[in-house]
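Right, one structure below, let's go through it.
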Amino acid sequence: MQAWMLERYGDPQQVVSLRDVGSPAPGREEVHVRIDAASINPIDLKLAQGALRSVQRLALPICLGFDAAGEVRACGDAVSRFRPGDRVFLRSDRATLGAFAEAGCFREDWVAAAPQSCDAGEAASLPLVGLTVVQGLRERAGLQSGQSLLVHAGSGGVGTFAVQYARMMGIRVTATCSRRNAEFVESLGAEKVICYDEQDYRSLSDRYDCVFDMLGEAHTLAAFDLLRPGGSVVSIAGPPDRQFADQVGAGWLLRQAIAFKSRPVWRRAESGGYRYFRYLTEPHAGQLGEIAGWVDAGDIRPVIDSRFAFADLKQALARCASGRARGKVVVQSAEMAAT
Ligand SMILES: NC(=O)c1ccc[n+]([C@@H]2O[C@H](COP(=O)([O-])OP(=O)(O)OC[C@H]3O[C@@H](n4cnc5c(N)ncnc54)[C@H](OP(=O)(O)O)[C@@H]3O)[C@@H](O)[C@H]2O)c1
């Protein structure tokens with residue numbers, strides 16, 4: 001079978017190549033999945049570049065990719081929820097990856113039944129962004145119906161899911177995006193859109209119970225100025241929070257580096273009585289099952305920017321790297337493209 005392998009760290013266009021690799025056999029707790037579609041996430045590019053080496057050292061060469069959808073072909077002895085022929089979607093973990101391949105073996109507890117209303121490309125677009133929203137806005141910030149939320153980059157992969165999740169939960173959501181995406185983001189459920197190419201969100205007097213920060217840098221500190229008393233900043237691009245070092249199993253030196261980098265944000269949060277969360281997303285079959293239910297109920301729809309053939313993965317990576325995708329970039333197998 002074929003897989004897109006990362007040979008060494010560097011420019012993804014140079015260091016990722018299509019290779020013939022051995023066909024995997026599932027371990028006791030694994031399912032062997034024929035991958036019909038996968039989706040790209042910005043972290044795929046960061047891992048390839050080696051930008052996350054300090055928190056996630058990869059065993060190279062490795063097949064990249066977190067998000068996949070396809071059909072179960074075989075199950076390990078201890079697998080209880082699946083049988084060959086089941087349609088599934090999954091989110092792999094940071095050490096295993098493996099979605100940019102024709103097939104792979106994944107732990108059962110990373111896998112769920114795919115939404116019935118989706119094709120494989122749509123199903124593959126959901127796992128990482130959906131889990132990121134659930135693990136940030138629900139598990140950490142505990143956002144409730146009636147509260148208010150600002151979602152940055154509401155037109156991106158995470159943002160399009162976050163806006164729809166908030167609307168579904170009765171959370172009043174404002175989003176930032178460019179003028180060209182404003183109508184689209186409103187159609188997903190944003191009550192208000194702030195077009196970053198026309199207006200600086202920092203100049204407005206609106207205040208929120210939570211800011212979901214996809215932008216990082218100065219935007220992370222600026223988020224605290226937008227909060228109501230007791231509010232939260234949930235960031236997936238800013239400096240680490242106090243739990244992050246435990247999440248990545250950091251040693252002493254990395255803990256010192258994290259504390260040095262994060263101190264201004266931690267101080268801002270603590271002096272203002274705010275909460276700050278900066279986390280990495282983890283696989284979670286149960287949450288994937290919930291996401292499938294929301295999609296099948298019509299509460300959340302997959303948003304696909306573009307689809308590429310599996311053989312054109314590098315074009316898909318380039319589209320994601322452009323930072324201009326509206327929703328998710330998907331690659332799909334030749335068989336699926338033909339249907
Ligand atoms: N747990 C985690 O650590 C975690 C999980 C998921 C993602 N992330 C990170 O979160 C970030 C976002 O991920 P993503 O998948 O949503 O990225 P993405 O899909 O590539 O985001 C692209 C979108 O961002 C919008 N955008 C760009 N600059 C903007 C600005 N200044 N203000 C508002 N919108 C802007 C673009 O809209 P225009 O084309 O209109 O500009 C585009 O629609 C990435 O850095 C990713 O690595 C972290």
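Numbering starts at 1 and runs along the sequence shown. Just so you know, ligand 1 is whichever comes first in the structure, and atom 1 is the first atom listed for that ligand.
Residue-ligand proximity, Ala153 to ligand 1, at heavy-atom distances under 4.0 Å covers atoms 24 (O), 25 (C), 33 (C), 34 (N), 35 (C). Short contacts between ligand 1 and Gly156, defined as distances under 4.0 Å to a heavy atom of the residue, involve ligand atoms 16 (O), 19 (O), 21 (O), 22 (C), 23 (C), 43 (O). The atoms of ligand 1 that sit less than 4.0 Å from any heavy atom of Leu280 are 1 (N), 3 (O). Atoms of ligand 1 found under 4.0 Å from any heavy atom of Asn181, numbered from 1 in the order shown, are 37 (O), 38 (P), 40 (O). Short contacts between ligand 1 and Ala325, defined as distances under 4.0 Å to a heavy atom of the residue, involve ligand atoms 22 (C), 23 (C), 42 (C), 43 (O).
For ligand 1, the polar-atom distance check against Arg326 finds no nitrogen or oxygen pair separated by under 3.5 Å. For ligand 1, the polar-atom distance check finds an N/O of Val158 within less than 3.5 Å of one of the ligand's N/O atoms. Here's the thing with Ser178: one of its N/O atoms is less than 3.5 angstrom from an N/O atom of ligand 1. Inclusion of Pro42 in the set of residues having an N or O under 3.5 Å from an N or O of ligand 1 is not warranted. Considering backbone and side-chain N/O of Arg278, one or more are found under 3.5 Å from N/O of ligand 1.
Looking at Arg140 and Gln135, their side chains never bring a donor and an acceptor atom within 3.5 Å of each other. Judged purely by distance below 3.5 Å, without hydrogens or angles, the side chains of His152 and Tyr196 never pair a donor atom with an acceptor atom.
The side-chain tip of Arg53 points at the ring of Tyr9 from less than 6.0 angstrom away and within 45° of straight on.
No part of Ala237 comes within 4.0 Å of ligand 1, judged by heavy-atom distances. When heavy-atom distances to ligand 1 are checked against a 4.0 Å cut-off, Arg180 comes that close only through its side chain, counted from C-beta outward. Both the backbone and the side chain of Ile236 come within 4.0 Å of ligand 1, counting heavy atoms alone. At a 4.0 Å heavy-atom cut-off, ligand 1 does not touch Asn41 at all. Residue Val129 does not touch ligand 1, judged by heavy-atom distances below 4.0 Å. Of all the heavy atoms of Lys328, none lies under 4.0 Å from any atom of ligand 1, so neither backbone nor side chain is involved.
Side-chain atoms of His284 and Asp109, non-hydrogen and from C-beta on, never get closer than 4.5 Å to each other. Inter-residue side-chain proximity for Val330 and Phe308 is flagged as unmet; no heavy-atom pair is nearer than 4.5 Å.
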Salt bridge (charged side-chain N to carboxylate O under 4.0 Å, His left out) evaluation trace for Glu122 with Arg301: CA-CA 9 Å; Glu122 291 168 331; Arg301 67 178 169 90; over 6 Å; no
